[in-house]
Amino acid sequence: MINVALPKGRLGNQVYKILEAAGYECPELLDSSSRKLVFENADRGVRYFCVKPTDVHVYVERGAADVGIVGKDDLLEYAPEVYELLDLKLGKCRMCICGPAGFEEDRSCTLKVATKFPHIARHYYEELGRDIDIIKLHGSIELAPILGLSDVICDLVETGTTLRENNLVVLSEVVPISARFICNPVAWQFRHEEIGHMKHALEERIGKGE
Ligand code: PRP
């Protein structure tokens with residue numbers, strides 16, 4: 001049985017569809033009225049866990065799941081000890097520094113940066129040799145510069161709608177982000193054939209519009 005940590009939501013559904021088409025189906029998983037979190041198809045040798053997207057890497061690193069689907073943002077932020085097997089080229093967005101239009105940085109002051117990703121933000125500004133004060137938030141990051149809590153934010157931008165509707169703009173791009181297929185290193189060693197088969201199934205269909 002391969003244990004798969006699937007992120008709840010649209011990305012997880014997209015990846016599941018591909019796995020379903022590749023023979024790893026588990027029809028129960030599509031029942032939206034269900035509150036179940038574990039779905040198993042013993043005949044196909046697969047068990048899915050539906051978890052919060054930011055928890056996927058924890059399940060995989062600890063070996064509770066053999067494989068999982070996670071955003072590159074979480075891999076950069078938490079640096080889990082997992083193997084990144086595949087760029088799924090789904091859930092594409094950009095990690096960006098954003099702020100009010102026309103924002104001019106006062107380099108004599110410590111820059112206040114609000115973010116859900118303190119490690120990524122710190123690393124980005126360290127490379128620039130810039131002192132920053134990180135303000136860790138858990139959501140609605142765009143509010144921070146509007147209310148004067150921070151000067152800028154370090155956050156994900158997908159369509160840009162949230163920025164536009166809040167009169168903010170991208171000031172610089174930190175790194176492009178997409179979903180990755182990850183694997184527990186021990187599982188990769190001992191269940192190489194089964195997991196390799198699943199990787200191949202995903203690889204076959206990714207980038208072909210599925
Ligand atoms: C994410 C991100 C931005 C928004 C970007 O937030 O933090 O706020 O999506 O998407 P857009 O460019 O398409 O507008 P999310 O929806 O995950 O909610 P959050 O504010 O609670 O983090």
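Each ligand, and each atom within it, is numbered from 1 in the order the structure gives.
- From the protein, the heavy atom lying nearest to atom 20 (O) of ligand 1 is S140 N, 2.8 Å.
- The shortest heavy-atom contact between L156 and C93 is CD2-SG, 3.9 Å.
- Closest to atom 7 (O) of ligand 1, if we only count protein heavy atoms, is D155 OD2, 2.8 Å.
- Contact analysis puts K116 in contact with ligand 1, with a non-hydrogen atom separation below 4.0 angstrom.
- When every heavy atom of Y124 is checked against every heavy atom of S172, the shortest pair comes out as OH-OG, 3.0 Å.
- Members clustered with Y78: none, using a 4.5 Å side-chain heavy-atom cutoff among hydrophobic residues.
- Per-atom contact check: atom 1 (C) of ligand 1 does not touch the protein, criterion being a heavy-atom distance below 4.0 Å.
- When L143, L137, T162, I153 are checked for heavy-atom proximity to atom 14 (O) of ligand 1, T162 turns out nearest.
- What sits closest to atom 8 (O) of ligand 1 on the protein, heavy atoms only, is E142 OE2, 2.6 Å.
- Electrostatic pairing of K116 and E77 does not count as a salt bridge here, judged by no charged N lying under 4.0 Å from a carboxylate O.
- Looking only at protein heavy atoms, the nearest one to atom 11 (P) of ligand 1 is T159 OG1, 3.3 Å.
- Between the side chain of D151 and the backbone N or O of L111, no donor-acceptor pair lies under 3.5 Å.
- Protein heavy atoms all stay at least 4.0 Å away from atom 16 (O) of ligand 1.
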Discussion item. Please determine whether salt bridge (Lys or Arg N to Asp or Glu O under 4.0 Å) holds for the pair R180 and D87, giving the CA-CA distance in whole Å, both sets of side-chain angles, and the decisive distance to 0.1 Å.
Written reply: CA-CA 5 Å; R180 308 298 160 108; D87 180 351; 3.6 Å; yes

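- Among the atoms of L156, none of the N or O lies under 3.5 angstrom from an N or O of ligand 1.
- Here atom 10 (O) of ligand 1 lies nearest to E158 when heavy atoms of E165, M95, E158 are compared.
- Hydrophobic clustering (side-chain heavy atoms under 4.5 Å, transitive across Ile, Leu, Val, Met, Phe, Trp, Tyr) groups V174 together with I177.
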